[in-house]
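See below for the structure under consideration.
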Amino acid sequence: MLSKTLRFKFLHRSHTIIGLVVLFLFYMSTYFGTLTFFMPYLKVWESPSRHFVPLSEHAFNIDLLLGELLEKQHLLGLKPVDITLPSFRDPLLKLSSESQNSLYLNPLTNEVIKLSKEENLISTFFNELHTGVVIPLIGMPLMGIMSIGIVFLTLGGFWLYLYKRTQTKRPKEGWKSRWLSWHKIVGLGIIPYALVFACTGAFLGLMLSYSHPFAWSASSKEESSMRKLVSPIIFAQPVYKSSETKAIMLPFSTLQTIANEHYPSLAITNATLYHYGTDAAKVRFRGFDKNSVAQSGRINRLSITLDARNGAVVEKRGLENMHGINQALSLFYYLHFVPDETLGVRIVLACFGVALAFCLATGYLLWAEKNLHQKGWLGDLTNRVSIAVLIGILPSSALVLFLQWLLAFDLFDKEVWIRGAFYAFWSFWLFYTVFERSIVTIIGRMLKATSWLLVLAVLFHGLKSGFFIWDSFEKGAWTLFGMDAMFLISALLCFVLAKAVDKKELFYRYERKGIFDGY
């Protein structure tokens with residue numbers, strides 16, 4: 001049996017090795033995952049059609065237009081029509097039906113909006129980088145494996161911390177001990193966050209991406225998509241008898257008011273119309289329970305169904321009617337996506353995400369300080385490539401924000417241009433770190449480039465959309481104002497850090513001279 005000291009050495013070594021293996025990929029996932037906490041607001045910021053001041057509580061009135069609109073767009077029929085109400089996720093009103101293009105309305109004017117040139121390029125691209133979809137075939141499983149590595153690092157790091165607390169010998173003062181202290185303090189503080197998001201991320205990355213063989217086997221080799229097999233069970237839709245007899249409907253807003261009276265704790269997000277305009281018409285209002293947001297998430301929506309002619313309650317489904325598996329899945333997805341939480345919770349989680357990225361970066365600095373000090377050109381090259389990944393990702397993602405508003409929205413293959421520019425700019429920083437002599441200069445220029453690109457993104461956003469940051473504040477367009485303010489604050493922070501880097505002795509310790517000819 002291994003002694004306690006030997007177990008500590010093995011765990012310490014494995015903590016270091018696994019940390020280096022998962023560091024860069026999970027750092028990318030953490031960075032872009034932190035950005036995706038603001039995805040609903042980023043979608044509004046990047047889409048000109050969403051640039052208007054919503055009414056109080058996203059109020060709208062389509063009572064007079066609904067029947068005419070459904071008939072004109074050929075949405076009336078046997079297929080249900082789903083209405084997604086305006087919310088912080090999307091201020092537009094959305095009408096959709098199976099096998100038909102979705103319809104978007106401005107809730108202020110009831111004007112039909114054409115979104116052919118708006119594809120949510122930024123938020124979609126950042127989310128794909130977070131999940132690893134940008135790496136064909138192995139991307140999501142690879143991110144799932146990295147998540148398992150983070151679970152090991154979190155639990156192993158906590159055990160190492162408890163073991164070291166029993167030692168009375170204090171480490172020598174210096175940059176290494178200072179980084180070690182910050183690494184431990186921040187790591188201990190984010191243990192719950194890291195475990196929750198790493199465990200749920202591992203499930204999503206591994207279990208879902210490898211579910212095809214199970215679906216293929218369970219369906220007798222007829223279907224390889226697990227969602228198609230499970231969806232009819234988890235998301236079972238009610239079936240109501242149809243009728244060809246025309247009838248007068250209550251106004252939609254009246255039906256919504258009645259639904260709120262009968263189910264006051266239901267925060268309505270969607271409504272589904274069944275056989276609208278006939279005497280068999282039903283309206284099913286769906287949403288989450290305000291008192292139990294986690295258990296009534298997007299995959300376990302609660303509902304109340306009304307007769308569209310008189311507002312009588314046909315069916316009411318609360319948490320007491322939902323299967324425990326649905327509630328457990330809803331809780332699971334809530335822990336990773338927090339779908340119905342607004343800005344406050346998202347800012348807190350984003351701060352934890354930044355702390356996790358900082359913890360990963362300091363872990364690398366600890367290893368580099370100890371092992372690359374006398375490694376010559378190989379150690380120097382490793383440091384430079386690491387800087388290109390850890391810091392070069394900042395100006396590269398800032399360029400995406402800038403190009404979204406610099407390039408014309410009707411540009412052919414705009415998505416290809418933006419994605420290509422991101423990879424090209426990131427590659428530029430990778431080569432630049434190799435050929436620039438001073439690491440301090442490299443870090444400073446990366447941070448300054450990030451700062452300037454964020455400022456330019458906000459400036460061109462105002463020029464193209466007509467919503468400068470002061471206009472958003474005066475008109476009460478708080479989503480646009482908040483995103484612009486966040487970008488400007490981030491730009492200021494990067495500029496301050498760029499100035500501070502030049503004054504820190506630590507970064508000069510990573511500079512190596514005489515490595516390449518001509519230096």
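Any value given below was found using the heavy atoms of this structure, including those in side chains, with hydrogens, waters and symmetry copies removed.
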Could you measure the distance from the [atom1] atom of [X] to the [atom2] atom of [Y]? Nearest 0.5 Å is fine.
| X | Y | atom1 | atom2 | value |
| --- | --- | --- | --- | --- |
| F467 | H461 | CZ | NE2 | 8.0 Å |
| L480 | H51 | CG | NE2 | 4.5 Å |
| F422 | S427 | CZ | OG | 9.5 Å |
| L250 | I258 | CG | CD1 | 5.5 Å |
| I268 | S303 | CD1 | OG | 10.5 Å |
| L406 | L453 | CG | CG | 10.5 Å |

Between [X] and [Y], what is the shortest heavy-atom contact and its length?
| X | Y | result |
| --- | --- | --- |
| W429 | P395 | NE1-CG, 3.4 Å |
| L121 | E415 | CD2-CB, 3.6 Å |
| R89 | P339 | NH1-O, 2.6 Å |
| N106 | L108 | OD1-N, 2.8 Å |
| L319 | L302 | N-CD2, 3.9 Å |
| I418 | V400 | CG2-CG1, 3.7 Å |

Verdict with supporting geometry, F481 and F468, ring-ring contact (aromatic ring centres under 6.0 Å, His included): CA-CA 8 Å; F481 172 77; F468 289 96; over 10 Å; no

Pairs where residues 28-41 contributes a residue and the test side-chain hydrogen bond (donor to acceptor under 3.5 Å, both in side chains) is met, not counting sequence neighbours: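 Only S29-H130, Y31-S397 qualify under side-chain hydrogen bond (donor to acceptor under 3.5 Å, both in side chains).
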
Salt bridge (Lys or Arg N to Asp or Glu O under 4.0 Å) involving E341 - partner list, sequence neighbours excluded: none

Kindly check if the number of other-residue, nucleotide or ligand heavy atoms within 6.0 Å of [atom1] ([X]) is above 12?
| X | atom1 | answer |
| --- | --- | --- |
| F352 | CZ | no |
| W478 | CH2 | yes |
| R419 | CZ | yes |

Side chains of [X] and [Y]: closer than 4.5 Å at any heavy-atom pair?
| X | Y | result |
| --- | --- | --- |
| P80 | L273 | no |
| T154 | V151 | no |
| S296 | M322 | no |
| L35 | L42 | no |
| L103 | L69 | yes |
| T84 | L95 | no |
| L401 | L454 | yes |
| V22 | L25 | no |

Candidate pair S265 and N291, rule side chain to side chain donor-acceptor pair (under 3.5 Å), full reasoning: CA-CA 7 Å; S265 64; N291 302 321; 4.5 Å; no

Under the side-chain hydrogen bond (donor to acceptor under 3.5 Å, both in side chains) test, residues paired with Y104 that sit two or more places apart: none

Got a sec, which residues hit ring pair (Phe, Tyr, Trp, His ring centres under 6.0 Å) with [X], two or more places apart in sequence or on another chain?
| X | answer |
| --- | --- |
| Y240 | Y274 |
| F126 | F32 |
| F52 | none |
| F402 | F460 |

is_close_aromatic(Y27, F358), centroid dist under 6.0 Å: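 No.
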
Test of ring centre spacing under 6.0 Å for F197 and H336: yes

K43/D90 salt bridge by N-O under 4.0 Å criterion: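 Looking at D90 and K43, the cut-off is not met.
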
Would you tell me whether [X] and [Y] have side-chain atoms, one donor and one acceptor, within less than 3.5 Å of each other?
| X | Y | value |
| --- | --- | --- |
| E244 | T278 | no |
| S292 | Q295 | yes |
| N120 | S47 | yes |

[X] (side chain) donor-acceptor with [Y] (main chain) under 3.5 angstrom:
| X | Y | answer |
| --- | --- | --- |
| S96 | S102 | no |
| T305 | V314 | no |
| E46 | S123 | yes |
| E111 | L105 | no |

Inter- and intrachain pairs under salt bridge (Lys or Arg N to Asp or Glu O under 4.0 Å), touching residues 451-479, at least two apart: none

Pairs touching residues 277-293 that satisfy salt bridge (Lys or Arg N to Asp or Glu O under 4.0 Å), sequence neighbours left out: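 Every pair satisfying salt bridge (Lys or Arg N to Asp or Glu O under 4.0 Å) with a residue in residues 277-293: D82-R286.
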
If you look only at distance, which donor and acceptor atoms sit under 3.5 Å apart when one is on a side chain in residues 131-150 and the other is two or more places apart or in another chain?
{"from": "T131", "atom 1": "OG1", "to": "N127", "atom 2": "O", "distance (Å)": "3.1"}
{"from": "T131", "atom 1": "OG1", "to": "E128", "atom 2": "O", "distance (Å)": "3.3"}
{"from": "S147", "atom 1": "OG", "to": "M143", "atom 2": "O", "distance (Å)": "3.0"}

Mutual orientation of the aromatic rings belonging to F332 and F203 [parallel < 30°, tilted 30-60°, perpendicular > 60°]: perpendicular

Verdict with reasoning, L70 to V81, per side-chain contact (heavy atoms from CB on, under 4.5 Å): CA-CA 9 Å; L70 293 175; V81 178; 3.8 Å; yes

Qualifying residues under side-chain contact (heavy atoms from CB on, under 4.5 Å), relative to L488, sequence neighbours excluded: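 For L488, the residues satisfying side-chain contact (heavy atoms from CB on, under 4.5 Å) (neighbours in sequence not counted) are V455, V458, I469.
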
For S451, side-chain contact (heavy atoms from CB on, under 4.5 Å) partners two or more places apart: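 Here the qualifying residues are A491, C494, F495.
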
Residues F285, I83; criterion side-chain contact (heavy atoms from CB on, under 4.5 Å); working and verdict: CA-CA 9 Å; F285 293 95; I83 301 177; over 6 Å; no

side-chain contact (heavy atoms from CB on, under 4.5 Å) evaluation trace for L195 with L155: CA-CA 9 Å; L195 287 178; L155 298 177; 4.1 Å; yes

Derivation and outcome, side-chain contact (heavy atoms from CB on, under 4.5 Å), residues T269 and F288: CA-CA 8 Å; T269 59; F288 60 91; 4.1 Å; yes

